[in-house]
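Presented below is the structure to which this report refers.
Residue numbering restarts at 1 for every chain, and letters A, B, ... go by the order of the sequence lines.
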Number of protein chains: 2
Amino acid sequence: MTKKPTALEARQEIEKRLQEAGIQPTAQRIAIAQYVLTDADHPTADDIKTWADQNFPKMSLATVYNTLKILVQSGILREFKLPHSDRVIYDTNLSHHFHFLDEKTGALHDIPPEELEIKPRNSKNWDIRQVHVVLVGRK
Amino acid sequence: MTKKPTALEARQEIEKRLQEAGIQPTAQRIAIAQYVLTDADHPTADDIKTWADQNFPKMSLATVYNTLKILVQSGILREFKLPHSDRVIYDTNLSHHFHFLDEKTGALHDIPPEELEIKPRNSKNWDIRQVHVVLVGRK
DNA sequence: CTCTTAATTTAGAATTATTCTAATATTAGA
DNA sequence: TCTAATATTAGAATAATTCTAAATTAAGAG
Ligand SMILES: [Mn+2]
Ligand SMILES: [Mn+2]
Ligand SMILES: [Zn+2]
Ligand SMILES: [Zn+2]
């Protein structure tokens, strides 16, 4: 049984992850990474800015975008847009998965790949690199 | 064997379709609808504006957007965005289908539903209203 | 420590897709 | 032919994101 990490331990863990990815762990980057990786769920840049405004002395919107770009480039985050929205969504779930968008609440839920079977039939022998699936409905 | 419709017949066909949908068939609307419904393939608003600039005496960008909105509202078109782009794509294929995005060319191809089996092993009994699938890769 | 340089952050301007506004033009139909 | 409703238009406004160039901070050599 592993103990729940203290706030300090969590911060150090994040810091190590940034280091390992070759990212200088500045205060802003640690804060954003911590929020995105441990608290947020499919946040947008605006979600992160809002959080930062309440939990960090001062952070510019440019830094939010800069940091997110770095995290995406180094493979710590993924980004995508939903078919009906124009905001980028950041996803910490790097493993292959799909999404369910609750029409009512706007909440976005992960669907593990084993819950949705996707089989190309008349196998056209395409080289498929990404499979984006968004189910929209209500629970 | 049905004859290929003349340009005039095609235009009248479009006009009738607008009428039936309760849309006043103005010159601009007929032109846009004709292009989108018979020539274009998954166009963006910008594609349509570019076409109009070359094939219609004068059309404002606002009219392009206004008309597209009307066509979507009346169910003649569908709209969506791809996960990596920020432009709306208009689709005349109203039947349930999926998309394949060719990474190399940027071309978007329809995938008929029978070519892709999507089975929710859904113990969760969700009410799914829309299924968006975009495969990204190369042919 | 203390410079010096490189990296990061920042405010605000720029960009892009889209929507809005309010004036003008066109249409329908009495 | 008039009138009212509808459609079109140019350009301003908006929203998400990126860019710019200056200020701040961090790293590392001495
Ligand atoms: Mn959100
Ligand atoms: Mn296009
Ligand atoms: Zn996810
Ligand atoms: Zn399509």
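Taking the centre of each ring, A:His84 and B:His132 come in below the 6.0 Å mark.
Salt bridge A:Asp127/A:Arg129: present, at least one basic N to carboxylate O contact under 4.0 Å.
The rotation axes computed at either terminus of the helix from C:dC1-D:dG30 to C:dA30-D:dT1 lie 20° apart, taking five pairs at each end and rounding to 10 degrees.
Taking atom CZ of residue A:Arg29 and atom C1' of nucleotide C:dT10, one finds them 14 Å apart after rounding to whole Å. If you take CD1 of A:Ile70 and P of D:dT18, they are 13 Å apart, rounded to a whole angstrom. Per the geometry, CE belonging to A:Met59 stands 11 Å off P belonging to C:dA11, to the nearest Å. Taking atom CG on A:Leu68 and atom P on C:dT8, their separation rounds to 15 Å, with Å as the unit.
A:Lys58 has a side-chain polar atom (N or O) that falls below the 4.0 Å cut-off from OP1 or OP2 of C:dA11.
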Let me see the working for A:Arg11 and A:Glu9 under salt bridge (charged side-chain N to carboxylate O under 4.0 Å, His left out), right down to the final yes or no. CA-CA 5 Å; A:Arg11 192 194 138 99; A:Glu9 284 166 344; over 6 Å; no
Could you go step by step and tell me if B:Glu117 and A:Arg121 meet the side-chain contact (heavy atoms from CB on, under 4.5 Å) rule? CA-CA 7 Å; B:Glu117 183 176 358; A:Arg121 282 255 183 65; 3.1 Å; yes
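Under the 3.5 Å distance criterion, with hydrogens and angles disregarded, a donor-acceptor pair is assigned to the side chains of B:His99 and B:Asp110.
In this pair, A:Phe80 and A:His42 present their aromatic rings perpendicular. The plane angle is above 60°, beyond the 30 to 60° band. Using cut-offs of 30° and 60° on the angle between ring planes, the pair A:Tyr35 and A:Trp51 is parallel.
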Across nucleotides 13-30 of chain C, 5' to 3', mark each nucleotide with B, S or - according to how protein heavy atoms within less than 4.0 Å reach it. ----SBBB----------
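The hydrophobic cluster containing A:Val136 does not contain B:Leu116, counting ILVMFWY residues as joined when their side-chain heavy atoms lie under 4.5 angstrom apart, directly or transitively.
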